[in-house]
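Step one of this worksheet: look at the structure below.
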There are 2 protein chains.
Amino acid sequence: MATGRTHRPATRSRGIPEATVARLPLYLRALTGLSERSVPTVSSEELAAAAGVNSAKLRKDFSYLGSYGTRGVGYDVEYLVYQISRELGLTQDWPVVIVGIGNLGAALANYGGFASRGFRVAALIDADPAMAGKPVAGMPVQHTDDLEKIISENGVSIGVIATPAGAAQQVCDRLVAAGVTSILNFAPTVLSVPEGVDVRKVDLSIELQILAFHEQRKAGEEAAVAEAAAAVVPPVRAAGNGRKGPDGDMPAVMPA
Amino acid sequence: MATGRTHRPATRSRGIPEATVARLPLYLRALTGLSERSVPTVSSEELAAAAGVNSAKLRKDFSYLGSYGTRGVGYDVEYLVYQISRELGLTQDWPVVIVGIGNLGAALANYGGFASRGFRVAALIDADPAMAGKPVAGMPVQHTDDLEKIISENGVSIGVIATPAGAAQQVCDRLVAAGVTSILNFAPTVLSVPEGVDVRKVDLSIELQILAFHEQRKAGEEAAVAEAAAAVVPPVRAAGNGRKGPDGDMPAVMPA
DNA sequence: GACTGTGAAAGGGTTCACAGCT
DNA sequence: AGCTGTGAACCCTTTCACAGTC
């Protein structure tokens, strides 16, 4: 799960595997749904189905947290909600700043799932002076000049970067200098951060490209080949010979 | 990497590991940057740094594609760009529809990274009749009623769901029925799809929760404990006793 | 001398299958 | 009888380290 680098080398915090941590929010969401429907207990099979995983994995995951189930019965929904929330650190509230209030930043600011479960948008920050003071999601946008002040006054330790790629590293550096130690990055760049700072990346075009890969496979090889038509300047191998690529060499077409 | 389910069981298409596929877009982006700066060749060490991975991993990844480097020299940038693009299926163009043109959908429609590398937004679709005809990102929004027609007329095989959670499964079903076989889901729900359809999920609040977990660890255990103050009704264990959770039992506070 | 390509080793993660509790 | 909790087996991924090539 791509992290700029970071994610403390072999830390796996008190023994909960990273893969399990990444699934806890999934379980939590499924459990919250059950809780709202006042379902008192749930089996690993049912909960796994609701979370979209298989039950063996779920049971193994829960076993890292402790023995929170009852054999022959299942799991107590409310109890599990609490335990997972606590494990994830959602029993405290996390002030978050969003930097870069373009389309995406605004979408994030308005995103309900943010505000719910333990996160509170403490400030919206943008570099454009024309944005300053404008209300987005019922909050006035503040100018980047005040970034450091905002971070420290609100005790913010989590920052969301939704700026253009070019500004991301600079924003990141300022966030880190001001005390932020976790960053969620939507800009399509690799951020470099000092040891001890966590970066997670969300990248739309990467996800699409992975889908395209699988989509291409489904269609068989024909589709790709059928596309070799109009001729553009092909990038020819520098000192090329002795190539051993599986699918044949450069055709006469180059993608945009 | 959560996929609703799917991802053909043991397919790993022609032997490229899934983990490698997920990194190819990263390499591609780094290479594109080098290409724009007219850098002719790059070593595994340099490229790895630019992509935010280590060089051994990168070399291993490339070895699955073929022997595209030159010992003692490095990789030809243009050549690699082409090979990776081809491998990912980006030498053909993929028409994409975005369903749900709220804040997020609009952000996606405006996102440049979409339009570049092989993807073309073929249509924006929303269920709100008031949105119909309105231009977003220079395109008129179309009504959900025409979804099937739009999919088939444009030969769309990739759909992006940016609707509220409640509508996502229904939209998904219609997309699939109309012929879409890859879905990028931004709605916070588990989608169920038939065999052969790929789903990838992007979930903002899950990413934040994972960050919160690590953030909590950094702060040590004290911070979490210090939060136990005002008393609300605590969810007491149903038939609870003999608990063996590592951190102690239910305190007197319950998160929202 | 420099750097790739890759076997082999090590490390995680997932799945199996069943012992153990209610 | 039902369902959890978990060792053991399996599989995938990462890392190491070096032989092979330019």
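Worth saying up front: this structure is predicted, and the values here are computed from it rather than measured. Chain identifiers are assigned alphabetically (A, B, ...) following the order of the sequence lines, protein sequences preceding nucleic acid strands; residue numbering begins at 1 within each chain.
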From NZ of K60(B) across to P of dA9(C) the rounded distance in Å is 13 Å
In sequence, state the C-alpha distance, the side-chain angles, and the governing distance for T70(B) and D76(B), and then conclude on side-chain contact (heavy atoms from CB on, under 4.5 Å).
CA-CA 8 Å; T70(B) 307; D76(B) 181 281; over 6 Å; no
**Asked** Are OP1 or OP2 of dT4(C) and a side-chain N or O of S44(B) less than 4.0 angstrom apart?
**Response** yes
Q. Does the dT4(D) base have a donor-acceptor partner in the side chain of R71(A) within less than 3.5 Å?
A. yes
D61(B) CG to dT6(C) P, in whole Å, measures 13 Å
Exactly one of Y82(B), F62(B), Y68(B), Y27(B) clears ring pair (Phe, Tyr, Trp, His ring centres under 6.0 Å) with Y75(B), and that residue is F62(B)
In whole angstroms, the gap separating P of dG13(C) from NZ of K57(A) amounts to 11 Å
W94(A)/Q216(B) under side-chain contact (heavy atoms from CB on, under 4.5 Å): CA gap, chis, key distance, verdict: CA-CA 10 Å; W94(A) 296 99; Q216(B) 184 189 33; 4.2 Å; yes
Judged by nearest nucleotide, the residue sitting upstream toward the 5' end of DNA chain C, F62(B) or A56(A), is F62(B)
Checking dG13(C), dT22(C), dG5(C) against the side chain of Y75(B) (C-beta onward), the nearest is dG5(C)
Of the listed dT4(C), dC22(D), dG5(C), the closest approach to the S43(B) side chain comes from dT4(C)
Between the OG1 atom in T41(A) and the CG atom in L47(A), the distance rounded to the nearest 0.5 Å is 11.0 Å
To the nearest angstrom, the CD-P distance between E45(A) and dT15(C) comes to 13 Å
Taken to the nearest whole Å, OH/Y68(B) to P/dT4(C) is 16 Å
I'd like to know whether CD of Q169(B) has more than 12 heavy-atom contacts from other residues, nucleotides or ligands below 6.0 angstrom. yes
Do the side-chain N or O atoms of R59(B) get closer than 4.0 angstrom to the phosphate oxygens (OP1, OP2) of dG7(C)?
no
query = Would one find a side-chain N or O of N54(A) under 4.0 angstrom from OP1 or OP2 of dT15(C)?
reply = yes
E18(A) CD to dG13(C) P, in whole Å, measures 8 Å
I16(A) CD1 to dG13(C) P, in whole Å, measures 12 Å
**Asked** OP1, OP2 of dT13(D) versus side-chain N and O of Y64(B): anything below 4.0 Å?
**Response** no
From CG of L58(B) across to C1' of dG5(C) the rounded distance in Å is 12 Å
